[in-house]
There are 2 protein chains.
Amino acid sequence: MNMNKNLKKAGLKATLPRLRVMELFLNEAGTHFTAEDVYKRFLTEGDEIGLATIYRVLTQFEHAGLLQRHHFETGKAVFELNEGNHHDHLVCIECGKVEEFLDEGIEKRQKEIAAERGFAVQDHALYIYVDCLRENCPNRAAKLSHTKPL
Amino acid sequence: MNMNKNLKKAGLKATLPRLRVMELFLNEAGTHFTAEDVYKRFLTEGDEIGLATIYRVLTQFEHAGLLQRHHFETGKAVFELNEGNHHDHLVCIECGKVEEFLDEGIEKRQKEIAAERGFAVQDHALYIYVDCLRENCPNRAAKLSHTKPL
DNA sequence: AAACCATTTAATAATCATTATAAATTAATT
DNA sequence: AATTAATTTATAATGATTATTAAATGGTTT
Ligand SMILES: [Mn+2]
Ligand SMILES: [Mn+2]
Ligand SMILES: [Zn+2]
Ligand SMILES: [Zn+2]
């Protein structure tokens with residue numbers, strides 16, 4: 001079992017909440033969940049795991065490098081499986097769809113812009129808010145909680 | 001008086017809180033304030049204006065196009081005078097210094113990335129978090145409230 | 001200038017996302 | 001199975017922001 005290893009390596013006991021969270025993010029790699037998304041998902045699956053526990057586990061997993069945290073400007077943080085690849089996000093403000101991209105040109109220019117000023121880049125966040133223009137977008141109905149009109 | 005005109009055009013009465021806020025942002029164009037920065041500034045100047053009023057006025061000014069709101073990932077929104085020019089931000093995580101930049105190459109690539117997927121860009125946010133590397137940085141002492149270690 | 005009235009402020013409570021606390025539970029170890 | 005430190009749960013607290021409502025004020029009219 002791969003999940004137990006991940007946890008052990010991070011010095012975390014294999015508890016039910018942690019296993020459930022890990023399982024969810026592994027099963028739905030590429031999906032971006034808020035803490036509440038995770039909480040509600042477990043509720044519908046019959047697992048009554050406290051919201052505070054979800055928050056704690058998500059933060060622990062982030063620190064362990066298992067998850068990445070992002071802030072789509074909607075007031076709530078979203079998490080996704082850390083597959084080791086940095087990328088930026090396109091977020092549809094109509095349906096919540098998230099697509100990922102990585103543009104080497106943009107990455108390079110960012111470093112140059114900081115370097116020109118004598119600054120050392122620590123991190124960066126680039127979010128492109130779009131309308132995906134798909135009226136029949138499946139997401140438009142079952143809107144995820146991390147969507148908000150600009 | 002230019003300020004009164006701005007307010008009138010936005011259909012807003014010229015009240016003391018609004019004049020003070022407008023005045024502050026005009027006098028310190030290019031500075032990025034949180035609601036609390038503004039609140040405390042007025043306190044030290046002897047004007048006791050409620051924090052809720054500051055928030056309300058900032059939001060009204062944003063809607064009127066007089067101010068721009070940004071979210072440096074620190075949990076609190078910052079506002080600056082809207083001088084009509086879109087730009088992105090370099091934020092020093094050590095001292096809070098903010099520098100602005102605009103890179104046509106990056107702007108163009110963002111549009112292309114969205115277009116490639118058939119999306120219409122609505123907005124975007126690009127924050128580069130840096131260490132300005134200036135130990136003697138004046139800000140490092142009088143740290144602004146919108147700084148936070150990553 | 002006094003009266004009028006819609007707008008706005010002040011004071012305060014409420015809300016929302018998130019974190020902290022403390023008592024009860026549980027996973028790993030002996 | 002007993003031990004113990006880590007963890008969860010339940011709940012309270014926090015920080016940023018928004019909502020509420022009665023009192024004050026700005027712009028207008030008499
Ligand atoms: Mn992603
Ligand atoms: Mn700026
Ligand atoms: Zn969409
Ligand atoms: Zn600095």
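Quick note on labels: first sequence line is chain A, next is B, and so on, each numbered from 1. No hydrogens, no waters, no symmetry mates; every other heavy atom, side chains included, goes into these values.
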note = Heavy-atom contacts, protein to nucleotides 22-30 of chain C, under 4.0 Å, summarised as B (base), S (sugar-phosphate only) or - (none) per nt, yield -----BS--
inquiry  = What's the closest nucleotide to the side chain of B/Ile49 if the choices are C/dA10, D/dA16, D/dT9?
reply    = C/dA10
Nearest-0.5 Å distance, OG1 of residue A/Thr34 to CG of residue A/Leu58 = 9.0 Å
key: Straight-line distance of A/Glu36 CD to A/Leu43 CG, nearest 0.5 Å   = 9.5 Å
ask   = Near DNA chain C, under 4.0 Å by heavy atom, which residues of residues 53-67 of chain A?
value = A/Tyr55
Nearest-Å distance, [atom1] ([X]) to [atom2] ([N])?
X	N	atom1	atom2	result
B/Arg20	C/dT9	CZ	C1'	15 Å
A/His71	C/dT18	NE2	C1'	10 Å
B/Leu19	C/dT9	CG	C1'	14 Å
A/Glu73	C/dA17	CD	P	16 Å
B/Lys76	D/dT14	NZ	C1'	12 Å
A/Lys40	C/dA17	NZ	P	9 Å
B/Arg18	C/dT7	CZ	P	11 Å
A/Asp37	C/dA17	CG	P	11 Å

task = Find out if a path of hydrophobic residues (ILVMFWY) with successive side-chain heavy-atom gaps under 4.5 Å connects B/Leu102 to B/Val121.
result = no
ask   = Side-chain donor-acceptor pair under 3.5 Å between A/His89 and A/Glu80, yes or no?
value = yes
query = With a 3.5 Å cut-off and no angle check, do the side chains of A/Gln68 and A/His87 form a donor-acceptor pair?
reply = no
message = Do A/Lys97 and A/Leu90 have side chains that approach each other closer than 4.5 Å (heavy atoms only, starting at C-beta)?
response = no
ask   = Tell me, do B/Leu81 and B/Leu66 make a side-chain contact under 4.5 Å, heavy atoms counted?
value = no
inquiry  = Strictly below 4.0 Å, N to O, side chains only: are A/Arg109 and A/Glu116 in salt-bridge contact?
reply    = yes
ask   = Which class fits the ring pair B/His70 and B/Tyr127: parallel under 30°, tilted 30 to 60°, perpendicular over 60°?
value = perpendicular
ask   = Nearest nucleotide by nearest heavy atom, which residue falls closer to the 5' end of DNA chain D, A/Pro17 or A/Ala52?
value = A/Pro17
